[in-house]
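Computed from a predicted model, the values in this text were never measured in an experiment.
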Amino acid sequence: MTVSSVSSVSTSAWAQPVSSITSPRVEQARNDSEREEQTATSDKLDNTPNDESSSDAAGPKRADGTPMAAEEIQYVEQLKQTDREVRQHEMAHQVTGGAYTGGASYEYEVGPDGKRYAVAGEVPIDYGPVPGDPQATIEKMQTVIAAAMAPADPSPKDYQVAAQARQYLLEAKLEAAMLRSEMEQARNAGTETTPPTQEQAA
């Protein structure tokens with residue numbers, strides 16, 4: 001509760017008009033009882049805020065401390081929701097991408113309450129092939145694709161990264177298949193020429 005809200009409420013409580021009085025004795029008795037009521041009211045104001053001041057104190061405030069309008073409160077709630085979604089989105093990339101992802105960076109918007117809310121973000125991801133190692137490239141691209149598509153609502157950029165990683169994945173699979181084929185041919189060629197005959201051994 002702010003001091004200003006207490007003092008404004010206190011002033012209004014003390015400024016209540018006194019009802020007309022018919023006799024001096026009644027006036028004295030009434031004055032005494034009013035003093036007791038005002039003291040009790042004052043104590044109550046000091047200890048427990050009334051509905052008006054508590055709603056002001058509990059309600060959202062602007063950066064300058066003034067209460068926000070209903071539209072501003074709704075806008076702040078939207079910003080909070082966007083902030084949560086953006087951070088969850090980027091976290092999904094980071095967790096799934098592991099060593100291939102970097103730290104998240106965010107674009108912020110300042111709300112009516114003076115706080116910054118993330119409204120967009122990005123996580124750098126290394127989706128280049130591993131030179132000279134198709135098998136490592138295959139494993140990396142599988143991780144990259146999973147990381148790009150990890151959020152519940154992938155962005156167009158996420159789809160673009162996943163598509164490029166799929167292309168590298170296919171190329172790496174072809175390269176790996178060719179290497180296996182060459183190794184198999186070399187192995188077969190080696191076995192055909194090396195076995196000695198019994199006559200040559202004797």
- Query: Atom CD in E175, atom CG in D133: separation rounded to 0.5 Å?
  - Reply: 9.0 Å

- Query: CD of E122: more than 12 outside heavy atoms within 6.0 angstrom?
  - Reply: no

- Minimum heavy-atom distance D158-A148, with the two atoms named: CB-O, 3.3 Å

- Under a 4.5 Å side-chain heavy-atom rule over Ile, Leu, Val, Met, Phe, Trp and Tyr, are V86 and Y108 clustered together? yes

- Query: Do V76 and P60 have side chains that get closer than 4.5 Å, going by heavy atoms?
  - Reply: no

- Task: Indicate the atoms forming the closest heavy-atom contact of M141 with Y127, along with that distance.
- Result: CE-O, 3.3 Å

- Of the non-hydrogen atoms in V144 and A165, which two are nearest, and what is the gap between them? CG1-CB, 3.7 Å

- Query: So does M91 have more than 12 non-hydrogen atoms from other groups sitting under 6.0 Å from CE?
  - Reply: no

- Message: The criterion is side chain to side chain donor-acceptor pair (under 3.5 Å); which residues satisfy it with D126, sequence neighbours excluded?
- Response: K140

- Note on the structure: Between the CD atom in Q164 and the CD1 atom in I125, the distance rounded to the nearest 0.5 Å is 12.5 Å

- Message: Can you tell me how far apart CD (Q142) and OG1 (T137) are? Round to the nearest 0.5 Å.
- Response: 11.0 Å

- Message: If the condition is salt bridge (charged side-chain N to carboxylate O under 4.0 Å, His left out), which residues does R166 pass it with, not counting sequence neighbours?
- Response: none

- Message: For the OG1 atom of T66 and the NZ atom of K61, what is their distance to the nearest 0.5 Å?
- Response: 8.0 Å

- Item | Minimum heavy-atom distance between E90 and A104, given as atom pair plus value | CB-CB, 4.1 Å

- Message: I'd like to know whether R116 forms a side chain to side chain contact (heavy atoms under 4.5 Å, CB included) with Y106, so could you lay out the CA-CA distance, the side-chain angles of the two residues, the decisive distance to 0.1 Å, and finally the verdict.
- Response: CA-CA 11 Å; R116 296 193 323 155; Y106 298 101; over 6 Å; no

- Query: Of the non-hydrogen atoms in G114 and A63, which two are nearest, and what is the gap between them?
  - Reply: CA-CB, 3.8 Å

- Does any N or O in the side chain of R62 come within less than 3.5 Å of the main-chain N or O of P67, such that one atom is a donor and the other an acceptor? yes

- Item | Interatomic spacing from CD in Q185 to CZ in R180 - rounded to 0.5 Å | 13.5 Å

- Message: How about CD on Q78, more than 12 heavy atoms from neighbouring residues, nucleotides or ligands closer than 6.0 Å, or not?
- Response: yes

- The reported gap from NE2 in H93 to CD in Q88 (rounded to nearest 0.5 angstrom) is 12.5 Å

- Item | Short side-chain to backbone donor-acceptor contact, T101 and G98, under 3.5 Å | yes

- Show your reasoning for whether side chain to side chain contact (heavy atoms under 4.5 Å, CB included) applies to I138 and L169. CA-CA 5 Å; I138 290 169; L169 177 64; 3.7 Å; yes

- Query: If you count the non-hydrogen atoms of other residues, nucleotides and ligands that lie under 6.0 Å from CZ in R84, is the total more than 12?
  - Reply: yes

- Q81 versus E77, side-chain donor and acceptor atoms under 3.5 Å: no

- Query: Would you say the side-chain atoms of E107 pair up with the backbone N or O of G121, donor to acceptor, closer than 3.5 Å?
  - Reply: no

- Item | Minimum-distance pair of heavy atoms, taken over all atoms of G97 and T143 | O-CG2, 3.9 Å

- same_hphob_cluster(I73, L79) at 4.5 Å side-chain heavy-atom cutoff: yes

